Every structure is written in structure tokens, then in C-alpha cells.
Number of protein chains: 2
Amino acid sequence: MNVKDLCLGALTFGDASGYDLKKFFETTFSHFCVAGYGSIYPALAELAAEGLVSCHEQPRQGRPGRKLYQLTAAGRKTFLQKLKKTAPRHTVKSDFLLSLYFAHLLPPQRLETILDERIAAIERQLSSHAQGKRRSAQEDDGPVGEKFVRGFGETVLTAARDYLRVHRHALITASDLHRQDKKSPCRGNHSRHGIHNS
Amino acid sequence: MNVKDLCLGALTFGDASGYDLKKFFETTFSHFCVAGYGSIYPALAELAAEGLVSCHEQPRQGRPGRKLYQLTAAGRKTFLQKLKKTAPRHTVKSDFLLSLYFAHLLPPQRLETILDERIAAIERQLSSHAQGKRRSAQEDDGPVGEKFVRGFGETVLTAARDYLRVHRHALITASDLHRQDKKSPCRGNHSRHGIHNS
DNA sequence: TGTGCCATGTAACGGGTTACATGATTGT
DNA sequence: ACAATCATGTAACCCGTTACATGGCACA
């Protein structure tokens with residue numbers, strides 16, 4: 001699922017401009033995909049050229065008009081197809097975890113910063129989730145999948161935050177004992193047997 | 001952190017070939033980054049050209065020799081720099097969650113398949129984690145960050161799996177009630193107010 | 001007056017995936 | 001005999017990020 005497909009999907013909920021779509025992705029899809037203007041606008045142009053969306057421009061004096069995009073029948077069909085055929089992958093890419101894996105090579109306070117910032121970031125996500133929940137509880141209008149996905153996000157984020165809180169201290173003290181940097185090459189910096197399990 | 005940096009990081013644990021590195025990434029980093037041969041081999045070639053790794057080839061009759069790569073002092077320094085300076089991002093990209101968000105557009109058994117396959121995938125990851133744990137408990141030789149990162153992965157995966165198990169049925173039945181596809185366009189397929197919160 | 005939001009787009013660049021191409025060795 | 005594993009690499013392609021460029025309107 002690339003940005004084009006994402007746009008088609010979002011447009012199943014109603015017409016929108018590129019700007020609207022970005023906002024929508026940020027509020028609704030934020031914890032499992034991203035899209036910037038640099039990919040959204042070209043995507044919409046291509047979709048229009050392919051006849052999967054139609055574009056209705058509202059002229060504004062002196063500047064480029066606001067463009068409202070609407071899903072066509074072909075666009076809806078295409079999205080449905082994609083939805084059925086796409087393998088539902090789930091991947092995590094985390095420099096955060098990678099960095100922690102190398103805790104023994106990092107200065108202790110850098111380690112603390114990394115942990116604390118991540119905890120803070122999770123908390124921000126959780127509270128913006130909570131806001132979204134309140135909104136949709138009032139309107140009670142979102143798709144049924146929304147609650148499920150939101151619940152999933154909350155559960156996972158909470159578990160992550162709690163783990164970090166509980167084990168934060170242990171990691172910092174343990175990495176202090178095993179630290180390995182230029183200043184104190186106490187135990188030689190090459191392992192005895194290397195990576196390969198041959 | 002791109003594949004080049006990943007290779008440098010892995011090589012801090014000992015010399016390895018491109019093939020070894022792929023295996024290492026799969027077993028050790030699997031739940032937070034990926035790298036295929038198509039990126040690893042070019043990366044190693046570039047690193048060698050930049051003097052960040054050295055290459056020692058073991059010739060094999062009739063075929064390209066096995067190439068063992070070793071971190072140079074410059075390579076180690078570069079990796080340490082990157083580690084300190086890189087913003088520790090953590091991003092999830094999930095067609096799985098995206099698909100579930102659109103549960104109301106999917107056939108019910110497709111929904112079941114998606115959920116069951118994800119649960120199964122998580123279980124596979126958890127059991128391969130458990131194997132890794134046994135291995136490193138015997139040798140007691142991994143970096144201190146390894147246990148932490150592994151624990152994090154286990155915690156999060158377990159929470160995810162449990163959530164899916166508990167809410168699986170509810171999603172399927174709820175999406176049945178709200179289903180919206182070509183065959184039964186029961187409630188009109190465009191929302192009253194669209195996406196934008198204006 | 002200035003900050004932030006609305007609103008659109010382009011262009012260069014970076015970087016990974018997939019498929020292809022090859023072929024010996026080891027285990028069943 | 002057949003599959004899996006070891007082992008390296010190339011090239012086309014896909015696709016997203018980042019920075020740039022522009023400018024009015026609303027609110028404090």
C-alpha cells in the first residue's frame with residue numbers, strides 16, 4: 001500500500017483536498033503510516049490522470065485554487081481490489097531499538113535521553129489517541145475498524161511504555177558495567193568467535 | 001540508520017561475510033529492521049571503498065570467493081558517531097492495521113484470515129525469540145542491550161497477540177453489521193460531511 | 001507585526017526491493 | 001535425485017523524503 005492507495009482509501013470517507021488528506025493521515029493513521037505533501041500531491045495528480053479520482057477546483061483569488069478530490073467508481077473498485085489482494089504486512093523500523101541494542105557503546109546520559117524521550121513520545125501519542133476517542137465517541141460515526149485499530153494502538157503503546165519504565169534503570173546500570181568506548185577499552189573490542197554461528 | 005550503518009554495527013561483534021550479516025539481521029534485528037542481499041552487498045562494497053571496513057577474500061575453486069569483512073578503526077569511529085547523533089526514531093508501517101481500519105469493506109472470511117495469520121506470525125516471532133534467549137543464556141555473551149531489546153519485543157508482541165485474540169470476534173461480528181460492498185450498498189457509500197473537520 | 005495556519009506544488013536526492021544470474025556443497 | 005543451504009553480485013524499478021518556492025488570511 002503506497003501513498004496513492006492511502007489516498008484512495010481516505011477518499012472513501014468523503015471528498016478532500018491534499019491538505020485535508022495529510023491532516024487525516026496524521027490524526028487517524030499516524031501510528032501505522034505516514035505521508036508528506038511531497039508524496040500526496042503527486043499521488044493525487046496521478047490518480048486524477050488515471051481516472052481513479054476526479055478533481056473539482058475552487059478558485060481563490062491570486063493563488064492556486066483549492067482542489068477537492070472525489071473518488072470515482074473506478075477508484076473505489078481499485079481500492080477494494082487492493083484491499084483484498086494486499087498482503088497485510090506489519091513492519092517496525094526502529095533506530096530506537098537499534099540504539100539500545102548498542103547500549104554498551106553509548107554514553108550513559110545519552111542512553112537516558114533516548115529512553116526518556118521515547119517514553120515521552122509514547123505518552124504524547126497516547127493522549128492524542130484519547131482525544132480522538134472522545135471525538136469519535138461523540139459523533140459515533142467512524143468505521144467499525146477504527147475502534148479496533150485504536151484499541152490495538154493503545155494496548156501496544158501502553159505495554160511498550162510500561163516496559164520502558166520498569167526496565168529503564170536496569171539497562172542504564174547494566175550498560176555502565178559493560179561499557180566499551182575509546183576511553184576505557186577494558187575488555188578488548190573484538191569478540192572471540194564473531195557473528196557467524198558456523 | 002541505513003544498511004551501511006547496520007553493517008558497521010553488526011561488524012562491531014566480529015568479522016563477517018555479507019551472507020553472515022543477512023543471517024545476523026534476520027535472527028537478531030528481525031523485529032525492528034530488515035536488509036536484503038540487494039542492499040547488503042552494495043553497502044559492503046561502498047564501505048570498503050571508503051575504508052570503513054577491510055575485506056579478506058578466501059578463494060573457492062570455480063566460484064566467487066567468500067569475503068570476510070572486518071571493521072577498521074575509522075569504521076568503528078564512524079559507527080560510534082552515527083550512534084550518538086542519530087535521532088532514535090521508531091516507526092510502524094502496517095498494511096495489517098490499515099486493512100483492519102477498512103474492515104467494513106472486506107469480506108468477513110478475508111478479515112478472519114488476516115487476523116489469524118497475524119496472530120500466527122506473532123507466535124512464530126515469539127518462539128524464535130525464545131530460542132534466541134536460550135542460546136544467549138547458555139553463552140551469556142550478548143551485549144547488555146540484547147536482553148533489553150528482546151524483552152521489549154516480547155512484551156509488545158505478547159500484548160499485541162492478546163489484544164487480537166480478545167477482540168477478534170468482536171471485530172468480525174461488528175464489521176458484519178456495518179459491511180459495505182457492491183452487493184449490498186445498504187446505507188449509501190459517501191459520508192455526510194467528508195474527511196475535513198472544517 | 002508577526003506567528004501560525006491554509007494551500008499547492010516541484011526537483012533533486014536518497015535508498016531499498018525485486019528479479020535475475022550462477023553454481024557448488026551438504027544432507028535426505 | 002532433489003531440496004536446501006552456502007555465497008556473491010547486478011540492474012531496473014519503485015517510491016518516499018527533504019528542501020525549496022509562494023502567498024493570502026486570521027488572530028493576538
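These numbers were taken from a predicted model, which means no experiment stands behind them.
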Can you check the Lys93(B) NZ to dT17(D) C1' distance for me, whole Å? 13 Å

May I ask you to check if Lys67(B) and Tyr69(B) form a cation-pi contact, with NZ or CZ under 6.0 angstrom from the six-membered ring centre and within 45° of the axis? no

Encode nucleotides 17-23 of chain C as B, S and - characters from 5' to 3', where the letter depends on protein heavy atoms closer than 4.0 Å: B to the base, S only to sugar-phosphate, - to neither. BB-----

Rounded off to whole Å, could you give me the CG-to-P distance for the Asn2(A) and dG16(C) pair? 19 Å

Relative to the ring of Phe24(A), is the ring of Phe13(A) parallel (under 30°), tilted (30 to 60°) or perpendicular (over 60°)? tilted

Whole Å only: how far is the CD1 atom of Ile40(B) from the C1' atom of dG9(D)? 12 Å

Check the distance between dG16(C)'s C1' and Glu46(B)'s CD and give it to me in whole angstrom. 12 Å

Take atom NE2 in His169(B); do more than 12 heavy atoms of anything else shown fall under 6.0 Å from it? no

Would you say the side-chain atoms of Ser17(A) and Asp20(A) include a donor-acceptor pair closer than 3.5 Å? yes

End-to-end axis angle, where each axis spans five pairs of the helix from dT1(C)-dA28(D) to dT28(C)-dA1(D), to 10°: 50°

From NZ of Lys22(A) across to C1' of dT17(D) the rounded distance in Å is 12 Å

Nearest-0.5 Å distance, OG of residue Ser94(B) to CZ of residue Phe29(A): 11.5 Å

Find out whether Leu11(A) and Phe79(A) are in side-chain contact, i.e. whether some heavy atom of one side chain is under 4.5 Å from a heavy atom of the other. no

With Asp162(B), which residues qualify under salt bridge (charged side-chain N to carboxylate O under 4.0 Å, His left out), at least two apart? none

Between dC5(C) (P) and Tyr19(A) (OH): distance, integer Å: 8 Å

Quick one: Lys67(B) NZ to dG9(D) C1', roughly how many Å, whole number? 8 Å

Salt-bridge present (Lys22(A), Glu26(A); N to O < 4.0 Å): yes

Kindly say if Ser17(A) contacts the phosphate of dC6(C), meaning a side-chain N or O under 4.0 Å from OP1 or OP2. no

Rounding to an integer number of Å, can you tell me how far Arg66(A) CZ sits from dG9(C) C1'? 16 Å

Does one side chain, of Ser175(B) or Arg179(B), offer a donor that lies under 3.5 Å from an acceptor on the other? yes

